[in-house]
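Presented below is the structure to which this report refers.
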Protein chains: 2
Amino acid sequence: MIYSELHNILSSKTIHLKSGQYLFTQGDSVKNIYCVNKGRIKLVRDTFEGTPILIHVAYAEESIAEASLFSKKYHCSAMAGTNTEVIVYSKDELLKILQENPESMMNLLKQLTTQVRDLRMLNETKSIYSAKEKVLTYLSTEFHRDKDSDLPLKDIAQKIGMAHETFYRTLKILENNGKIKRNKSHIKLTNL
Amino acid sequence: MIYSELHNILSSKTIHLKSGQYLFTQGDSVKNIYCVNKGRIKLVRDTFEGTPILIHVAYAEESIAEASLFSKKYHCSAMAGTNTEVIVYSKDELLKILQENPESMMNLLKQLTTQVRDLRMLNETKSIYSAKEKVLTYLSTEFHRDKDSDLPLKDIAQKIGMAHETFYRTLKILENNGKIKRNKSHIKLTNL
DNA sequence: AGAAACATATGATTTGAATCATGTGGTTGC
DNA sequence: GCAACCACATGATTCAAATCATATGTTTCT
């Protein structure tokens with residue numbers, strides 16, 4: 001998780017959310033920073049006009065609201081997408097520790113740079129129109145091997161911005177073409 | 001720019017690139033951090049398999065390679081997309097200053113959290129399939145008003161992952177429906 | 001253990017975004 | 001001031017991805 005080493009220093013508590021329950025609501029003042037331990041949390045933004053939009057889905061080991069470390073209010077709402085376990089840290093305490101402890105701040109900085117890079121990569125993957133190309137590009141990224149390896153296919157489909165039906169089909173085609181191999185739910189590029 | 005206050009402390013120099021010239025190449029060791037002053041820089045990643053893919057386009061006031069602050073080697077190449085002016089900072093010097101100066105580190109942290117938030121937002125905008133919905137969602141974001149307001153429409157189209165032709169057409173439809181107003185190249189949502 | 005909820009899978013159909021083509025207007029550079 | 005380049009625009013066409021439907025396999029909850 002993003003605060004691995006800090007976890008021992010910081011006081012924390014664990015809370016359990018039922019699917020559909022809210023962790024916080026857009027506009028609430030930012031008191032806490034969270035880390036998903038199990039399950040998933042959807043970040044949803046209420047727009048003045050019309051339907052709320054999904055901003056992000058955080059899975060196990062992912063921290064959320066660190067983007068709100070410097071905000072007064074949450075700019076989105078967080079809802080459990082399934083029964084979920086979340087670790088809670090105090091924002092103020094975290095900020096204090098970071099200030100006293102440049103090394104851990106540097107560490108957090110590092111994690112954020114990685115996040116930025118991953119997000120950019122994902123962003124451009126999403127720009128690819130062709131399903132085959134998109135899937136191959138996604139599979140060639142690091143975060144597929146690392147973090148995403150145990151995500152349901154359906155969720156991966158959503159992550160890269162394609163209908164899950166299309167994703168299943170595309171995987172099959174690529175498999176038949178010998179471009180990828182699958183055993184159980186682990187997918188591997190053939191080349192390299 | 002991302003290092004606004006640091007700019008005065010850090011030593012820097014400005015370099016000029018012709019369209020198509022490389023700033024650095026994937027695999028080069030990371031000596032410098034850059035900030036685009038004028039023009040634009042494309043970050044491109046060479047994939048073992050097949051065509052290189054575009055990771056990001058950095059415009060004026062945008063820093064690049066800060067995602068590489070902690071990397072030994074650049075993970076992508078940077079090419080000028082047009083005649084471009086870039087400010088160069090030394091990575092080591094920047095890291096040193098940050099360490100000595102927790103406040104500026106905190107500041108950089110803050111900028112990165114904003115970047116993460118924006119990227120997530122953009123990411124989900126890209127997931128929207130319907131052109132109209134996608135454009136409306138994009139227009140409702142902050143970074144449209146702030147940073148993107150002077151981008152060519154063509155570049156915005158690329159940023160949100162749609163063919164520029166579709167973007168022009170969609171804008172026209174939305175304008176005819178009274179959902180948006182345009183004067184010159186500034187676009188505004190009607191409601192709110 | 002059984003039920004409910006969800007992931008995986010695949011077929012049929014529709015649709016709308018990409019693509020190709022072409023033209024005009026506006027900037028930029030020499 | 002001219003030429004080259006690029007943004008903007010719009011029409012016609014194609015095609016592949018979304019959608020709808022339905023079924024089976026798999027986890028999860030009680």
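Order of the sequence lines fixes the chain letters, A, B, ..., with proteins taken first and strands second; residue numbering starts at 1 for each chain.
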Starting at the 5' end of DNA chain C, which residue's closest nucleotide do you reach first, B:A131 or A:P152?
A:P152
When the nearest nucleotide of DNA chain C is assigned to B:T170 and to B:K18 on a heavy-atom basis, which residue is associated with the more 5' position?
B:T170
Separation of atom [atom1] in [X] from atom [atom2] in [N], rounded to whole Å:
{"X": "A:L171", "N": "C:dT8", "atom1": "CG", "atom2": "P", "value": "10 Å"}
{"X": "A:I160", "N": "D:dA18", "atom1": "CD1", "atom2": "C1'", "value": "14 Å"}
{"X": "B:R40", "N": "D:dA7", "atom1": "CZ", "atom2": "P", "value": "6 Å"}
{"X": "A:F167", "N": "D:dA16", "atom1": "CZ", "atom2": "C1'", "value": "17 Å"}
{"X": "B:D155", "N": "D:dA7", "atom1": "CG", "atom2": "P", "value": "7 Å"}
{"X": "A:H164", "N": "C:dA9", "atom1": "NE2", "atom2": "P", "value": "11 Å"}
{"X": "B:K154", "N": "C:dT27", "atom1": "NZ", "atom2": "P", "value": "16 Å"}
{"X": "B:K172", "N": "C:dA17", "atom1": "NZ", "atom2": "C1'", "value": "18 Å"}

Under 4.0 Å, counting only non-hydrogen atoms across every strand here, what does B:S130 touch: a base, just sugar-phosphate, or nothing?
sugar-phosphate
Look at all strands and tell whether A:Y168 reaches a base, only sugar-phosphate, or nothing, counting heavy atoms closer than 4.0 Å.
base
Evaluate the ring planes of A:Y74 and A:Y34, with Trp represented by its six-membered ring, and classify them as parallel (under 30°), tilted (30 to 60°) or perpendicular (over 60°).
tilted
As a test of reading the structure: which of [options] is closest to the side chain of [X], going by heavy atoms?
{"X": "B:L153", "options": "D:dA18, C:dA18, D:dA9", "result": "D:dA9"}
{"X": "B:Y129", "options": "D:dT30, C:dA21, D:dA17", "result": "D:dA17"}
{"X": "B:R169", "options": "C:dG29, D:dT10, C:dA17", "result": "D:dT10"}

Between [X] and [Y], is any pair of side-chain heavy atoms under 4.5 Å apart?
{"X": "A:E66", "Y": "A:L112", "answer": "yes"}
{"X": "B:M162", "Y": "B:V135", "answer": "yes"}
{"X": "B:L23", "Y": "B:I15", "answer": "yes"}

So if I apply the side-chain hydrogen bond (donor to acceptor under 3.5 Å, both in side chains) rule between B:E62 and each of B:Q115, B:R40, B:H56, which one comes out positive?
B:H56
Indicate whether OP1 or OP2 belonging to D:dC8 is found under 4.0 Å from a side-chain N or O atom of B:R182.
no
Is any side-chain N or O of A:E165 under 3.5 Å from a base N or O of D:dC20, one able to act as donor and the other as acceptor?
yes
